[in-house]
Structures are given as C-alpha cells and as structure tokens.
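Numbers restart at 1 for each chain; the letters A, B, ... are given by sequence-line order, proteins then strands.
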There are 2 protein chains.
Amino acid sequence: MNKRADNLNTHSIAFLAKCLADENRLRILLCVSKEKKSVSRIVEELGLSQPLISHHLKELKRALLVKVERSGPFVYHEMTDQRILIILAGLDELGAALLSDRITF
Amino acid sequence: MNKRADNLNTHSIAFLAKCLADENRLRILLCVSKEKKSVSRIVEELGLSQPLISHHLKELKRALLVKVERSGPFVYHEMTDQRILIILAGLDELGAALLSDRITF
DNA sequence: TTAACATATAAACGTCTATATATATAATTA
DNA sequence: TAATTATATATATAGACGTTTATATGTTAA
C-alpha cells in the first residue's frame with residue numbers, strides 16, 4: 001500500500017476514470033450497486049432507452065465494474081466491488097470541497 | 001459523511017472523472033502533486049509539447065484540480081488538494097484488484 | 001525599443017463517444 | 001411450431017476531445 005505519486009499506473013487509472021466519466025453510466029452503476037438487476041428493470045428505473053442501457057452496461061462490463069449473470073431470459077448486472085462506491089463518494093466529496101475552497105481564493 | 005449511493009452528485013463526479021480520464025493529464029497532475037512547477041519544467045520532465053501541456057493545465061485548472069501562481073515570466077502550477085492523490089491511489093488499487101479477481105471468474 | 005524567453009491561444013484535423021433507429025438473436029410460453 | 005418477451009448488435013450521426021502546427025501575448029533584460 002501507500003503508493004507514491006510516481007508509482008501509480010496512469011494507464012489503468014485513466015481507463016477506469018473514462019468509464020466513470022459519463023453521467024448515465026454512473027447512474028447505471030449506482031443503480032446496480034446494492035443488488036443485481038435485470039436490464040429491463042434498469043431501463044424502467046432510469047428512464048433511458050434499452051439499447052443505450054445495453055451499450056453502457058457493455059462498457060461497464062469491459063472495465064470489470066459490473067459482473068453479469070444470466071437467468072432464463074433475464075440478464076442480471078451487479079457492481080463487482082464495493083470499493084467503487086468509496087471512490088465515487090471520494091470524488092463527490094472532493095468536488096464539493098474544491099468548490100467551497102474556491103471561494104476563499 | 002457516509003453518503004448513500006443514491007445521494008451522490010453524479011454530475012459533479014462525472015465532471016471530475018472526465019478530467020482524470022486522460023493519461024497525459026494524469027501525468028501532469030502527478031508531476032505537480034508534490035511541488036509547484038513552471039510550465040517549461042513540466043514540458044521538460046514529461047517530454048510533451050508546450051501547447052499540449054498548456055492546454056491540459058487549462059483543463060485541470062478549470063476543474064480546480066490545480067492552482068496557478070505567477071512569478072515573473074513563469075507560471076507555476078500545483079495540485080490543489082492532496083485528497084486527489086488518495087482517490088488516484090484508490091483507482092489504481094481498484095484496477096489491480098479487478099484484474100486479479102477476474103481470473104477467479 | 002529590440003531581442004529573447006515563457007506561456008497562451010487559434011485553427012485544423014482525425015479520432016473517439018454518446019445516442020438514436022432499426023434489426024437481430026435468444027429464451028420462454030402457448 | 002408461432003408468438004412474445006428480453007437483450008444484443010449494426011449502422012448512422014452529431015458532438016466532444018486530444019493533438020499538432022502556427023501564431024500571439026506577455027515578461028524580462030540589454
């Protein structure tokens with residue numbers, strides 16, 4: 001642990017960040033963060049088109065951020081690792097902090 | 001703290017993630033994470049063109065990830081918040097974990 | 001002011017990406 | 001088998017993004 005700045009894998013970080021850099025993809029990811037859900041359920045809950053959800057799920061899967069499980073005609077997706085949530089919460093907090101600190105410039 | 005998944009600001013998160021989603025930008029950010037550096041020094045250390053560095057610094061500044069300070073003809077840039085490093089380390093670790101867990105599928 | 005240096009900006013280009021529309025595959029049920 | 005539901009894929013398009021080249025702005029020193 002305790003890696004130094006010059007020892008980080010920028011390639012890997014950029015790859016993950018890219019996958020987290022779309023708002024719809026984030027909403028989908030958060031949507032399946034607590035329990036696995038079928039594609040159609042995600043479509044319902046988020047109000048996005050089915051092909052769009054399917055496309056983004058493919059990206060999330062490619063980045064290993066969600067795992068897939070088929071059951072009959074349904075395909076269930078679920079967030080692979082809860083540490084993702086910690087990172088997202090960290091980004092959320094950072095964003096707020098940067099904005100509030102900005103006022104004191 | 002301890003925000004729940006449905007209480008996160010996806011807009012803000014996506015905005016920050018987008019800024020972290022480019023490898024050159026990450027290298028620049030890490031380059032100025034320990035001390036403030038002039039543009040020309042960053043150019044030297046990273047071996048990228050000056051307009052390219054300048055462009056990415058502008059993006060980093062827009063996202064409030066770096067702060068700027070002018071001294072004579074030099075413009076110094078420095079990472080605004082050390083928490084950024086924690087997040088990057090988290091992404092780095094997550095990337096490695098996702099890859100190693102993948103083998104056990 | 002002129003020269004030299006540091007940095008920023010602008011335009012142009014190719015590439016990537018998000019999205020929509022349309023269609024196809026796959027599984028279930030009647 | 002046909003019909004229905006669930007999901008994936010294919011194609012097209014518009015916009016965003018990273019990079020390069022060329023040029024401009026700004027600062028210092030002679």
Side-chain angles (χ1 to χ4, degrees), chain A residues 10-32 35-80 91, chain B residues 10-32 35-80 88:
Chain A
T10 55
H11 186 71
S12 165
I13 297 174
F15 178 74
L16 280 180
K18 206 171 297 178
C19 199
L20 300 174
D22 182 81
E23 205 172 344
N24 281 335
R25 214 144 49 213
L26 279 178
R27 292 177 63 209
I28 294 171
L29 188 56
L30 291 173
C31 179
V32 299
E35 48 175 334
K36 59 185 174 190
K37 291 176 185 172
S38 68
V39 176
S40 47
R41 178 152 172 220
I42 303 171
V43 170
E44 274 182 28
E45 294 191 8
L46 299 185
L48 299 172
S49 77
Q50 179 268 317
L52 186 56
I53 297 275
S54 204
H55 170 251
H56 284 308
L57 283 172
K58 191 177 174 183
E59 287 294 305
L60 288 168
K61 181 186 166 195
R62 194 167 74 98
L64 305 178
L65 292 174
V66 300
K67 53 185 173 187
V68 188
E69 177 190 327
R70 177 157 219 138
S71 170
F74 298 95
V75 178
Y76 292 95
H77 293 261
E78 187 179 13
M79 186 184 253
T80 24
L91 281 169
Chain B
T10 55
H11 186 71
S12 165
I13 296 174
F15 178 74
L16 280 180
K18 204 171 299 175
C19 199
L20 300 175
D22 181 79
E23 205 172 345
N24 282 334
R25 214 146 49 214
L26 279 178
R27 292 177 63 211
I28 295 170
L29 188 56
L30 291 174
C31 181
V32 299
E35 46 173 335
K36 58 185 175 191
K37 291 177 185 171
S38 67
V39 176
S40 47
R41 177 153 174 218
I42 303 171
V43 169
E44 274 181 28
E45 293 192 7
L46 299 185
L48 300 171
S49 77
Q50 179 268 316
L52 186 56
I53 297 276
S54 203
H55 171 250
H56 284 307
L57 282 172
K58 190 177 176 182
E59 286 297 303
L60 289 168
K61 180 186 166 193
R62 193 167 75 97
L64 304 178
L65 292 174
V66 300
K67 54 185 173 188
V68 188
E69 178 190 327
R70 176 157 219 139
S71 169
F74 297 94
V75 178
Y76 292 94
H77 293 260
E78 187 179 13
M79 185 184 253
T80 22
L88 294 180

request  = Could you check how far CG of B:L57 sits from P of C:dA8, rounded to whole Å?
outcome  = 7 Å
Nearest-nucleotide 5' precedence on DNA chain D, B:R25 against A:H55 = A:H55
request  = Return the nearest nucleotide to the side chain of B:P73; candidates are D:dT27, D:dT19, D:dT20.
outcome  = D:dT27
inquiry  = Can you work out whether A:R70 or B:Y76 has the more 5'-proximal nearest nucleotide on DNA chain C?
reply    = B:Y76
inquiry  = Starting the side chain at C-beta, find the nucleotide from C:dA18, C:dT9, C:dT7 nearest to B:S38.
reply    = C:dT7
message = For a 4.5 angstrom cut-off between non-hydrogen side-chain atoms, does B:L57 reach B:I42?
response = yes
ask   = Whole Å only: how far is the CG atom of B:L52 from the C1' atom of D:dT19?
value = 6 Å
Rounded interatomic separation in angstrom, taking CG from B:L48 and P from D:dT21 = 13 Å
message = Need one value for A:S40: base, sugar-phosphate or nothing, where a base atom within 4.0 Å counts as base even if backbone is also close, heavy atoms only.
response = sugar-phosphate
remark   = In whole angstroms, the gap separating P of C:dC16 from CZ of A:F15 amounts to 14 Å
inquiry  = Tell me whether the side-chain N or O atoms of A:Q50 pair up with the base of D:dA6 as donor and acceptor below 3.5 Å, since no angle test is needed here.
reply    = no
ask   = Within a strict 4.5 Å, meaning less than it, do heavy atoms of the A:L16 and A:L65 side chains meet?
value = yes
key: Rounded distance (Å) that lies between atom P of D:dA16 and atom NZ of A:K18   = 18 Å
A:S54 side-chain N/O to D:dA8 phosphate OP1/OP2 under 4.0 Å = yes
query = Going by an N to O cut-off under 4.0 Å, is there a salt bridge joining B:E59 and B:R62?
reply = yes
inquiry  = With nearest nucleotide decided by heavy atoms, which residue, B:R62 or B:S49, maps closer to the 5′ end of DNA chain D?
reply    = B:R62
ask   = Where the side chain of A:D22 is defined as all heavy atoms beyond and including C-beta, which of D:dA6, D:dT19, C:dT19 is the nearest nucleotide?
value = C:dT19
note = When rounded to whole Å, the CD to P distance for the pair B:E69 and C:dT7 reads 13 Å
key: Donor-acceptor under 3.5 Å (A:R41 side chain, A:K36 main chain)   = no
task = Could you check B:L30 against B:L88 for side chain to side chain contact (heavy atoms under 4.5 Å, CB included), going step by step and ending with a plain yes or no?
result = CA-CA 9 Å; B:L30 291 174; B:L88 294 180; 3.9 Å; yes
key: Whole-Å distance separating the CG atom of A:N24 from the C1' atom of C:dT19   = 9 Å
message = By the 4.0 Å heavy-atom rule, please label B:R41 as base, sugar-phosphate, or nothing.
response = nothing
ask   = When the distance from CD of B:E59 to C1' of D:dT19 is rounded to whole Å, what number comes out?
value = 13 Å
